[in-house]
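The structure under discussion appears below in the form of C-alpha cells.
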Amino acid sequence: ICRVVFIHEEGELLKVTDMETEDPDAEIVKFREAVEKTLQDLDGAREQLGSNLAGDVAEVFTVYELLLKGEEFCGAVEAAIGGNLSAATALRNVVLEYVGRFDSMSDDYFRARKEDIQILGNRIYGHLIEASGKELPEDETAVIAGRLVSIADIAKYPVEKLAGIVSGEGSVLSHTALLAKALRLPAVMGLDHYSELRDGELVIVDGYRGTTVASPSEAVCEEYRRLIREDRVLSDDLARLKDEPAVTTDGVRVRLLAN
C-alpha cells in the first residue's frame, strides 16, 4: 500500500520511429558508448543487489554481458547503422528481430526471455538519448511502475525504499518477478491497464492475485493491512520450520524438493 512512481517516462525503444543518418561513423561511436555505459550499469546493479541475487537471477547479468561483448548482437546493430540507419532505429530493428525469435519458441520459459532482450535494448537506448532516471520520494517508500520494469531498474533504488513493483509487460517467469520474490516485494507483471495509474497515486499491489487497487478507500486499505499482518505471521512461522528435519508425525523421513 503505497504511492506509485513511474520510472520510465522516456527511453522506450519500441516507440522509436524510422530515422536515417548521414554520418554512420558518428552513430556507431554513440552506440558503442551507450553499450559501455550499459555494461557499467550492469556491474553497478550486480554490486547493489549483492546477496539478494538468486543463482538464476545472477546468471542473467552474465548473459547480458556476453550479449553486449559478443559480435552477433552489437555487430548486427552496427551493420544496420552502416546502412544509414540511426543508432536508435538500428537498435530497435535488431531487438525486434531477437524478440521475434524468442516469441516463436514453444517453451514458455524461453519465450519469456524476449523480455530480457527488450530490457537490454531499452537500457542502451536510454543512454543513447541520455534519459534521466526518476528519483523516489526522500522520506517514504514507493511502488515503482513502468512498461517493462527490469532487475537493473530495481537495483537503482535501496531495497528498503521499495514497497512493490508494477510492470505493464512481463510474466511470472521473468527475472524481475524472481528477484521481487527474493526481496519479498509484491509484484504484478503484465498489467494491461498499468498506464491508467497516475504518478503519485496511492495503490495497493496484490501480488497473490496479480492485481492492483488504485486510490483505495480507507476501509479497503485497512483490510489489506490485516492481510499483510497475517501474511507476515505465516511467513515467520514457516521460517522457523525451514531448518527442522522433514519427518512425518509417525517418524518417516521424507525428501522435500522445491523449484
Side-chain angles (χ1 to χ4, degrees), residues 1-12 45 48-49 52-54 56-57 60 108 112 115-116 118-119 122 132-240 242 258-259:
I1 306 173
C2 221
R3 300 202 177 276
V4 66
V5 173
F6 278 85
I7 58 173
H8 295 153
E9 294 184 334
E10 53 185 338
E12 292 189 13
Q48 174 77 12
L49 291 170
N52 290 314
L53 283 176
D56 49 357
V57 180
V60 74
D108 287 342
E115 298 163 22
D116 294 323
Q118 289 176 275
I119 284 168
N122 278 340
S132 57
K134 187 74 174 287
E135 297 296 326
L136 298 186
E138 287 189 9
D139 300 324
E140 56 185 87
T141 56
V143 171
I144 59 172
R147 186 182 64 80
L148 187 57
V149 178
S150 71
I151 56 177
D153 290 325
I154 298 171
K156 284 170 55 179
Y157 308 106
V159 174
E160 62 272 14
K161 298 260 299 186
L162 299 178
I165 298 162
V166 175
S167 185
E169 296 182 12
S171 71
V172 294
L173 297 174
S174 70
H175 290 109
T176 299
L178 293 175
L179 178 58
K181 185 176 181 180
L183 297 176
R184 299 184 71 178
L185 291 172
V188 176
M189 309 298 297
L191 185 69
D192 291 337
H193 59 278
Y194 88 99
S195 60
E196 296 176 11
L197 297 174
R198 299 188 303 276
D199 199 61
E201 181 178 26
L202 189 67
V203 65
I204 294 172
V205 180
D206 189 334
Y208 286 119
R209 294 183 174 86
T211 61
T212 59
V213 182
S215 298
S217 66
E218 181 54 34
V220 172
C221 286
E222 187 52 42
E223 174 61 13
Y224 269 93
R225 291 187 190 104
R226 183 186 65 80
L227 293 173
I228 290 170
R229 288 193 296 270
E230 290 181 357
D231 185 68
R232 286 174 178 165
V233 169
L234 176 60
S235 294
D236 290 343
D237 287 344
L238 293 175
R240 284 192 287 269
K242 68 184 178 71
N259 184 357

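We use all heavy atoms of the structure for the numbers below, so side chains are in, but hydrogens, waters and symmetry mates are not.
Ion pair R226/E230 flagged as a salt bridge, since at least one NZ, NE, NH1 or NH2 atom sits closer than 4.0 Å to an Asp/Glu carboxylate oxygen.
Within the 3.5 Å criterion, the main-chain N or O of S150 finds a donor-acceptor partner in the side chain of D153. A side-chain donor-acceptor contact under 3.5 Å links E115 to the backbone of S171.
The 12-atom threshold is exceeded at CG of D236, counting heavy atoms of other residues, nucleotides or ligands nearer than 6.0 Å. Environment of CZ in R184: sparse, with no more than 12 heavy atoms of neighbouring residues, nucleotides or ligands closer than 6.0 Å.
Residues forming a side chain to side chain contact (heavy atoms under 4.5 Å, CB included) with E160 (at least two apart in sequence, or on another chain): P158. Under the side chain to side chain contact (heavy atoms under 4.5 Å, CB included) criterion, L202 pairs with I1, R3, P216, C221, sequence neighbours left out.
Annotation: side chain of Y208 is not in contact with side chain of L227 (no heavy-atom distance under 4.5 Å). In this structure, E201 and E196 have side chains that are not in contact, with every pair of non-hydrogen atoms separated by 4.5 Å or more. Side-chain atoms of L173 and D108, non-hydrogen and from C-beta on, do get closer than 4.5 Å to each other. Residues S167 and L148 form a side-chain contact, since some pair of their non-hydrogen atoms from C-beta on lies under 4.5 Å apart. Considering only heavy atoms from C-beta on, V5 comes within 4.5 Å of D199 through its side chain. Using a 4.5 Å heavy-atom threshold, the side chains of V166 and V4 count as separate.
A distance of 8.0 Å separates CD1 in I154 from CD1 in I7, rounded to the nearest 0.5 Å. A distance of 15.0 Å separates CZ in R229 from CG in L234, rounded to the nearest 0.5 Å. Atoms CG and NZ, on L162 and K156 in that order, are 11.0 Å from each other to the nearest 0.5 Å. One distance of note links CG of L49 with CG of L179; it measures 5.5 Å at 0.5 Å rounding.
Taking all atoms of both residues into account, the shortest heavy-atom contact from I151 to H175 is CG2-O, 3.5 Å. Nearest heavy-atom pair, K161 versus E140, reported as atom, atom and distance to 0.1 Å: NZ-O, 3.8 Å. R198 and F6 make their closest contact through C-CE1, 4.1 Å (heavy atoms, listed as atom of the first residue, atom of the second, distance). Across all their heavy atoms, V188 and D206 have their closest contact at CG2-O, 3.8 Å.
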